[in-house]
*Asks:* 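Before anything else, here's the structure in question.
First listed ligand is number 1; within each ligand, the first listed atom is number 1. Residue numbers count from 1 along this sequence.
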Amino acid sequence: MPDNQLNTLSQSSLQDYIDCPRRFQLRYLERLSYPAVESEPALENEKHQQEGEYFHRLVQQSLIGIPDEQIGKLANSANLKRWWENFLAAQDLRGLKDLGGLYTETTLSAPLGNFRLLAKYDLIAIHDGKATIYDWKTYRKRPRNEWLTARMQTRVYCALLVHAGAHLNDGKPFEPEQIEMIYWFAEFPDEPARFEYTSTQYKRDWDMLLKLSEEIQSGLRQAQDNASSYPLTDDRQKCVFCTYRSYCERGTQAGDAEQAEAETEAEELFDVNFEQIGEIAF
Ligand code: SF4
């Protein structure tokens with residue numbers, strides 16, 4: 001039965017809703033666990049995901065001031081070593097600690113229609129009248145900027161910082177023009193993606209978020225009346241790596257991650273869900 005207690009929305013759940021309403025229903029309302037392997041080779045991809053989570057933790061520990069030599073000892077696989085060395089070599093990131101104004105693993109939230117919109121940021125750096133959102137990515141391929149700019153993560157993170165970030169700015173809401181978002185790719189340290197935010201984008205994004213929340217709310221009502229309103233996506237490409245594909249009768253074989261385009265790989269396979277990251281003892 002659908003869970004009508006759903007009360008928070010996040011960039012992940014909204015992205016799922018846009019990509020495939022049925023996936024949103026199965027994941028966030030039915031809370032169906034993972035019945036199928038997402039991609040082949042399964043073990044290798046799972047390991048990559050875990051390393052991505054671990055890398056997030058290493059960077060966070062570095063930014064809060066734990067000595068890098070100590071952290072470096074924990075980079076104990078080929079991928080982690082390479083990412084960690086790339087991070088150490090990125091002068092602009094290394095310089096952040098000296099500037100101060102760093103908020104790591106910060107959560108912001110605000111009411112959105114009948115829901116609460118919630119986002120967990122890898123890092124928000126505030127100095128010189130500017131707020132920069134950093135997000136660490138451990139994708140094997142570098143997605144295009146056009147794809148990133150349209151992602152819910154970019155839109156939610158920037159809009160929510162305007163909407164709910166006043167406490168980080170002496171009680172005054174940030175102007176959209178003060179905000180920039182940077183995706184830093186551990187495999188491609190010289191090719192970060194930077195997006196400067198504007199008032200026009202903010203208005204467009206917040207209106208879109210409100211509209212989505214209304215749509216989801218009305219979907220919940222219909223589900224309550226047993227008039228399900230969560231159709232399967234028409235884009236069958238979305239099903240290739242989807243964990244629910246056997247459930248939806250959209251194929252049993254997992255897609256081959258090696259063959260996937262950069263955007264598909266990023267979308268379906270290697271995004272780190274902050275809530276899954278465990279603690280690392282230092
Ligand atoms: S298998 Fe396809 S239709 Fe089913 S939830 Fe996944 S993306 Fe949607």
*Asks:* Is it true that a side-chain atom of Lys97 and a backbone atom of Ser62 form a donor plus acceptor pair closer than 3.5 Å?
*Replies:* yes
*Asks:* Name the closest protein heavy atom to atom 2 (Fe) of ligand 1, giving the residue it belongs to and the distance to 0.1 Å.
*Replies:* Cys239 SG, 2.4 Å
*Asks:* Tell me whether atom 2 (Fe) of ligand 1 has Cys20 as a neighbour, meaning an N, O or S atom of it below 2.8 Å.
*Replies:* no
*Asks:* How far is atom 7 (S) of ligand 1 from its nearest protein heavy atom, and which residue and atom name does that atom have?
*Replies:* Arg23 NH2, 3.6 Å
*Asks:* Would you tell me whether Tyr157 and Asp135 have side-chain atoms, one donor and one acceptor, within less than 3.5 Å of each other?
*Replies:* no
*Asks:* If you measure only the distance, is there a donor-acceptor pair under 3.5 Å linking the side chains of Asp122 and Gln60?
*Replies:* no
*Asks:* Output the distance between atom NZ (Lys137) and atom OH (Tyr183), rounded to the nearest 0.5 Å.
*Replies:* 6.0 Å
*Asks:* What protein heavy atom lies closest to atom 1 (S) of ligand 1? Include the residue and the distance to one decimal.
*Replies:* Arg245 CA, 3.4 Å
*Asks:* Taking the six-membered ring for Trp and the single ring otherwise, decide whether the centroids of His48 and Trp83 are under 6.0 Å apart.
*Replies:* yes
*Asks:* Quick one: are Phe185 and Thr138 in side-chain contact, heavy atoms under 4.5 Å?
*Replies:* no
*Asks:* Within ligand 1, which atoms have a heavy atom of Arg250 less than 4.0 Å away?
*Replies:* 3 (S)
*Asks:* What protein heavy atom sits nearest atom 4 (Fe) of ligand 1, and how far away is it?
*Replies:* Cys248 SG, 2.4 Å
*Asks:* Measure the distance from atom 6 (Fe) of ligand 1 to every protein heavy atom, then report the residue, atom name and distance (to 0.1 Å) of the closest one.
*Replies:* Cys242 SG, 2.4 Å
